[in-house]
Amino acid sequence: MKRRNFFKGLFGAYAAISGYFSVKYFSEKDKKPKFEYKLNNRCDDDTIGKLDKKIIGLIGYPIVYNCNLNCARCDHFAPIAKPYQVPFEVIKKDFKQLSKIINKEGELKVLWIIGGEPLLHENLPEVLKAAREYFPKTKIELTTNGFLIDKQEDIFWETCSNNNIKIIIENYIYNEKNIDFNKICEKLKKFHCDLKVNGPKYQFKPMDLTKEISHDAQNRYKSCFPKLWPILDNGKFYSCSVINGVDKFFNKEFPSHAIPVYSEDVLDIYKIKSIDELIAFYEKPKAFCAHCNYFISQGKKWAPSKKELSEWYKV
Ligand code: SF4
């Protein structure tokens, strides 16, 4: 155990130090996408494949809709989301239902706790404990913009350590001035947490959504990259954050440009019983995709959001 903690500590210190110096080393090569998991019905990973299990690669679960950063073209639509924390009871109920569907005969490789900004959730330690309780074998990652990380109390670090939660800082803008990495190093050394700082996200891809049909939905879905990050939110499963965000935020903020979200584009996880149903839903092309141009056009530099239509919609 001591030995394990030692190595965890070493890794934690390494992560912290690399985070500390990261702003100096970031370069073009750091822009490659972090998440490469696939939602497959059979895992192509050798080790897990041998178990002949059905695997869900990754599911993102937003626990807070709003954010303390304000990124133009945010693909979770946080700048136009009203402040909202998903109640802990709802989160727990969703985890329970998802685990019932998946754990019976399959496995979830990564549960990705996200926002908005998840560190704004007032029951965050309870959320993380519940995630581990319901998904004992899953990698659990907490992704934050990092701006509140150095202000976290010991209970946060302790919970991450005890429940093997990996913290990922998405370095959306150069944040070395805003984040006290010395303080983070101290916490990592004390609690042996696993933390990673991703390279700065220089660019945000435009979604260029359209009310009119602009693609063949089937082909568009097949070749779509962001569908590798499906979302479970308040009992509803979406193939990507765009459909979720349009349904919840965009259509309310810009009603005259509302984009149809069809009932077949959303899956109620309380209406299914097996992992097969979840996979079958995921694999089916979504009609909504006919309106989406996300990841097609060139990315644009990070900028603060003005909450304008053009940040998400092709004008
Ligand atoms: S809505 Fe856009 S981002 Fe989402 S799966 Fe369809 S094409 Fe991909």
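Counting starts at 1 for both ligands and their atoms, following the listed order.
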| message | For atom 5 (S) of ligand 1, which of the options Pro226, Cys224, Ser241, Ser223 provides the nearest non-hydrogen atom? | response |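 Looking at heavy atoms only, Cys224 sits closest to atom 5 (S) of ligand 1.
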
| Shortest reach to atom 4 (Fe) of ligand 1 by a heavy atom, considering only Cys240, Pro285, Cys289 |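 Considering heavy atoms of Cys240, Pro285, Cys289, the nearest to atom 4 (Fe) of ligand 1 sits in Cys240.
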
| said: Tell me if the NZ atom of Lys307 is crowded by more than 12 foreign heavy atoms within 6.0 Å. | reply: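 For Lys307, atom NZ is crowded (more than 12 foreign heavy atoms under 6.0 Å).
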
| Are there more than 12 heavy atoms of other residues, nucleotides or ligands under 6.0 Å from atom NZ of Lys211? |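 It does: Lys211 NZ has more than 12 such atoms within range.
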
| Given Asn293, which of Lys205, Lys314, His215 fulfils the side-chain hydrogen bond (donor to acceptor under 3.5 Å, both in side chains) condition? |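 So, applying the side-chain hydrogen bond (donor to acceptor under 3.5 Å, both in side chains) to Asn293 and each of Lys205, Lys314, His215, only His215 qualifies.
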
| Presence of N, O or S from Cys292 under 2.8 Å of atom 2 (Fe) of ligand 1 |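 It does: Cys292 brings an N, O or S atom closer than 2.8 Å to atom 2 (Fe) of ligand 1.
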
| field | Under 3.5 Å side-chain donor-acceptor pair for Asn244 and His76 | value |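 There is no such pair between these side chains.
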
| Any donor-acceptor N or O pair under 3.5 Å, side chains Glu107, Thr138 |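 Side chains of Glu107 and Thr138: no pair found under 3.5 Å.
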
| query | Does ligand 1 have any atom that is closer than 4.0 Å to a heavy atom of Arg220? | reply |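 Checking ligand 1 against Arg220, which is what was asked, there is a heavy-atom contact under 4.0 Å.
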
| Any idea which atoms of ligand 1 are less than 4.0 Å away from a heavy-atom of Tyr221? |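 So the atoms of ligand 1 that pass are 5 (S).
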
| message | Give me the residue, atom name and distance of the protein heavy atom closest to atom 1 (S) of ligand 1. | response |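 It is Phe288 CD2, 3.4 Å.
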
